[in-house]
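Quantities reported herein were computed from a predicted structural model and do not represent experimental measurements. Residue numbering restarts at 1 for every chain, and letters A, B, ... go by the order of the sequence lines.
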Amino acid sequence: MSEENIEPKIDEPKSLNFIEQIVEEDLNSGKHGGRVQTRFPPEPNGYLHIGHAKAFCLDFGIAQEYGGKCNLRFDDTNPITEDTSYVDAIRKDIKWMGFEWDDREYYASDYFDQLFEFALKLIQKGKAYVCDLSADEVNATRGTDFEPDKPSPYRDRSIEESLDLFQRMKNGEFPNDSKTLRAKIDLASTNMHMRDPILYRIRHAHHHRTGDKWCIYPMYDWAHGQSDSIEGITHSLCTLEFVPHRPLYEWFIAELGIFPSRQIEFARLNLSYTIMSKRKLLQLVNEGHVSGWDDPRMPTLHGLRRRGYTPASIRAFTELVGIAKRENVIDVALLEFCVREDLNKLAPRVMAVLNPVKLIIDNYPGAQVEELETVNNPEDESAGTRKMPFSRELFIERDDFMEDPPKKFFRLSPGNEVRLKSAYIIKCESVVKDVNGEITEIHVTYDPSSHSGSGEAQRKVKGTLHWVSAPHALNAEVRLYDRLFNDSDPDGHKEQNFKEFLNPDSLTILKNCKVEPSLKSVKDLDHLQFTRLGYFSVDTDSTPDALVFNRTVGLKDTWAKLNG
RNA sequence: UGUCCUGUGGUGUAAUUGGCAACACGUCUGAUUCUGGAUCAGAAGAGUCUAGGUUCGAGCCCUAGCAGGACAACCA
């Protein structure tokens, strides 16, 4: 093959993020025999949000890119807050996003026995001890940045005694919180995590998987690294807040002499005008500020799905935001760009009038109904065409008419001409108002020779309006969403609670919308473009007799921008 | 006060062993358009936190500062 002479391809090496660089270095040096194994370790205590999507797109993406595998591992070490309903929701989200983990669905709780054995080993080495101090008492021994912790009075208890007590802790002989197992490391470390961290606590609680088998549960640090090691994870990717945990992660692996997984930290995703804290999102749900985890205003994957976001658009987004170690705030406009770009290619165009006003074509035969052909998606010829009924009485958007328009208003106004999309050119002759001065009817005449697509149709007019035939229109409810918060960083104020920035107008429900008859048969979560308005999807509340649409995102609107 | 991490256009991410800062979003022009969408063409916008130093040459190396963030749960 020598066609490089015809089109010399300058194969610029794709620029790698710092994690890809590390992986490639490891591959080149033959570390782990060229094996790449990652994992995504959600805690089943809440719903996944778009920040998690960034993380698991990375985890699964790195594995895919380098011929490796990515495990799904539920980090279920805290039975009090965790639940199988979350497990199911998380599974659904990851699948929806397009990732597969085959049979590699693991649970930290799968390793409780192994972890117990590891703990025994640590005690035997004199590197861990059972401590009888209460939480308050432990806190009282805590030093400061430059003062070491005071040693627990149980720190030097014999190996035999710790072994015995630990076994009895496991057997359920002690009440909750009465004892802990702690690693014996360095009370003077500048890293607080190394000051005899707690490995196990006593919780007589029912676990969603292990039931009542255990009454001692491992802490994050003790469970996570060892779980990675057990699974042979080569690159354990996590967010920045775990940087100070890394020395402990490595200490456990070294003391236990087990497979050396490597923890690598990157900066979590922050999105402007939204919050990403699971705890705070839960608060919004519990306090009724939103309708649930899948409220379309939520940054959860459940919320985004219901809002009409596509997996492809979210994947593209996580790709565009990049991976680095520097704190970042991504403009929500980038997310919106990603959905628009995706939906522009695949969403069928349909006519919907959100704020209808009646338009009457005075010179159109009263009983006549035409079936006008229109293209389903100008960006995709294969989407074909469909027919739409056209008649003497139509609905158009109230905003598309102005009695006294400013310059550059390309829409309908007295004496002015516009085209009705896929139909005729019309001219406004008069308006009818009610007692309050509200316009109730707009009377126009049409030019029969201007039929869309006909030879006579070449005449140009400035504006094109969408419309729906009044006798054929379907009623619909349309829910418009705006950002949930008015502040670009609702969680970034020391003095003010994030809830003070909730946007009271984040949801607008329009009940009197008119949509074209073809929408009779839409299905949940179908994506559509309402011509000239934006991308919409069918809400899960929708039924054939009571259509409900969510606005995913508006079209770019330079007219609105001009008018502030 | 301590330790650790991070500082590149408005935002985010790049810049192969040091070689005169690139891409995307956003913004602004213009063309085109039966969606004020899309598309196409173009522009503005950083001299890389600061100050020194090494070098023919530094965003990349060295030194000293400064700024922001993280950590001090029997949460993960």
With sugar-phosphate meaning primed atoms plus P, OP1 and OP2, does D177(A) contact a base, only sugar-phosphate, or nothing at under 4.0 Å between heavy atoms? base

Kindly indicate whether the side chain of H193(A) and the base of A73(B) share any N or O donor-acceptor pair separated by less than 3.5 Å? no

Of the nucleotides U13(B), C74(B), A38(B), which has the atom closest to the N344(A) side chain? A38(B)

Could you check whether R279(A) gets within reach of a base, just the sugar-phosphate, or nothing at all, counting any heavy atom under 4.0 Å? nothing

Who pairs with U11(B) - Watson-Crick or G-U, where each distance is under 3.5 Å: A24(B)

Within the modelled atom types, does a donor on one side and an acceptor on the other bring the side chain of E327(A) and the base of G12(B) under 3.5 Å apart? no

Take atom C1' in G10(B) and the same atom in A46(B), then report the distance between them in whole Å. 11 Å

If U17(B) has a Watson-Crick or G-U wobble mate with both distances under 3.5 Å, name it; if not, just say none. none

Applying a 4.0 Å non-hydrogen cut-off, can you work out what A324(A) is touching in the nucleic acid: base, sugar-phosphate, or nothing? sugar-phosphate

Is it the case that U35(B) (base atoms only) and R419(A) (side chain only) share a donor and an acceptor within less than 3.5 Å, ignoring hydrogens and angles? no

One should read off an interatomic distance between N191(A) CG and I185(A) CD1, to the nearest 0.5 angstrom, of 9.0 Å

Just wondering, do F146(A) and G2(B) stack (centres under 5.5 Å, planes under 30°)? no

Under a 3.5 Å limit for both distances, which nucleotide forms a Watson-Crick or G-U wobble pair with C71(B), could you say? G2(B)

Looking at U27(B), I'd like to know if its phosphate oxygens (OP1 or OP2) sit under 4.0 Å from a side-chain N or O belonging to K561(A). yes

Polar side chain donor-acceptor pair, H224(A) to R39(A), under 3.5 angstrom: yes

Of the candidates A70(B), G12(B), A72(B), the side chain of D145(A) sits closest to A72(B)

Would you say U13(B) has OP1 or OP2 under 4.0 Å from some side-chain N or O of R326(A)? yes

Using atom OH of Y535(A) as one end and atom C1' of G37(B) as the other, report the distance to the nearest whole Å. 7 Å

CG of L240(A) versus P of A76(B): gap in Å, rounded? 20 Å

Among G36(B), G12(B), G37(B), find the nucleotide with the atom closest to the side chain of D557(A). G36(B)

Distance below 4.0 Å between T190(A) side-chain N/O and C4(B) OP1 or OP2: no

Considering only heavy atoms from C-beta outward, does the side chain of L240(A) approach that of K325(A) to under 4.5 Å? yes

If you take atom types as modelled and just measure distance, does the side chain of Q529(A) reach the base of U35(B) with a donor-acceptor pair under 3.5 Å? yes

Between G18(B) and C61(B), how many Å separate the two P atoms, rounded to a whole number? 9 Å

Over how many whole Å does the gap from E25(A) atom CD to U16(B) atom C1' extend? 12 Å

Base, sugar-phosphate or nothing for I323(A)? Non-hydrogen atoms, less than 4.0 Å. sugar-phosphate

Indicate, with a heavy-atom threshold strictly under 4.0 Å, whether V329(A) touches base, sugar-phosphate, or nothing. sugar-phosphate

Between D491(A) (CG) and G69(B) (P), how many Å, whole number? 13 Å

Give one of base, sugar-phosphate or nothing for K278(A), where a contact means two heavy atoms less than 4.0 Å apart. nothing

Less than 3.5 Å between a donor and an acceptor, one on the side chain of R411(A) and one on the base of G36(B), is that the case here? yes

Can F410(A) be said to stack with the base of G36(B), given centres closer than 5.5 angstrom and planes under 30 degrees apart? yes

Strictly below 4.0 Å: does T558(A) bring a side-chain N or O up to OP1 or OP2 of G37(B)? yes

Exactly one of R155(A), K150(A), R142(A) clears salt bridge (charged side-chain N to carboxylate O under 4.0 Å, His left out) with D196(A), and that residue is R155(A)

Assign the ring pair Y107(A) / F74(A) to parallel, tilted or perpendicular, where the plane angle (0 to 90°) is split at 30° and 60°. parallel

Once you apply the 3.5 Å cut-off to both distances, tell me the Watson-Crick or G-U wobble partner of A58(B), or none. none

Side-chain atoms of M192(A) come closest, of C71(B), A76(B), A14(B), to C71(B)

In whole angstroms, the gap separating C1' of A70(B) from CZ of F266(A) amounts to 16 Å

Whole-angstrom distance between G2(B) and C20(B), as gauged at atom C1': 42 Å

Closest nucleotide among G69(B), G26(B), A76(B) to the F242(A) side chain: A76(B)

Quick note, R142(A) side chain, CB onward, closest among C74(B), C75(B), G2(B) is C74(B)

If you define the side chain from C-beta out and look only at heavy atoms, does anything of N328(A) sit under 4.5 Å from V321(A)? no

Testing C75(B), G36(B), A14(B) for proximity to the side chain of R532(A), the answer is G36(B)

What integer distance in Å separates N270(A):CG from U13(B):C1'? 15 Å

K556(A) has its side chain closest, among A76(B), U6(B), A38(B), to A38(B)

Return the nucleotide paired to U39(B): Watson-Crick means purine N1 to pyrimidine N3 with N6-O4 or O6-N4, wobble means G-U with N1-O2 and O6-N3, both under 3.5 Å. A31(B)

For R349(A) and for I330(A), find the nucleotide of RNA chain B with the closest heavy atom, then tell me which residue's nucleotide is more 5'. I330(A)

Quick one: label P218(A) by what it contacts on the DNA or RNA (base, sugar-phosphate, nothing), any heavy atom closer than 4.0 Å. sugar-phosphate

Classify the nucleic acid contact of L335(A) as base, sugar-phosphate or nothing, counting any heavy atom under 4.0 Å across all strands shown. nothing

Could you label the plane-to-plane angle of the W214(A) and F116(A) rings as parallel, tilted or perpendicular, counting under 30° as parallel and over 60° as perpendicular? tilted

Which part of the nucleic acid, if any, lies within reach of S134(A) when heavy atoms closer than 4.0 Å are counted: base, sugar-phosphate only, or nothing? base

Minimum-distance nucleotide (side-chain atoms of F337(A) versus A76(B), A70(B), C25(B)): C25(B)

Among the nucleotides U35(B), G37(B), A76(B), which one has an atom lying closest to any side-chain atom of R201(A)? A76(B)

Classify the nucleic acid contact of P41(A) as base, sugar-phosphate or nothing, counting any heavy atom under 4.0 Å across all strands shown. nothing

Taking the cut-offs as 6.0 angstrom to the six-membered ring centre and 45 degrees off its axis, would you call R203(A) and Y217(A) a cation-pi pair? no

Taking the side chain from R168(A) and the backbone from G172(A), do they hold a donor-acceptor pair closer than 3.5 Å? no

Any strand: nucleotide that pairs with A46(B) via Watson-Crick or wobble, under 3.5 Å: none

Within the structure, does a side-chain N or O atom of Q21(A) lie under 4.0 Å from either OP1 or OP2 of A15(B)? yes

Whole Å only: how far is the CG atom of L269(A) from the C1' atom of U11(B)? 13 Å

Aromatic rings F530(A) and F536(A): how do their planes relate, parallel, tilted or perpendicular, breaks at 30° and 60°? parallel

Please work out if F74(A) contacts a base, only the sugar-phosphate, or nothing of the nucleic acid, heavy-atom cut-off 4.0 Å. nothing

Output the rounded distance in Å from CD (E82(A)) to P (C75(B)). 11 Å

Side-chain N or O of R246(A) closer than 4.0 Å to phosphate OP1/OP2 of U3(B): no

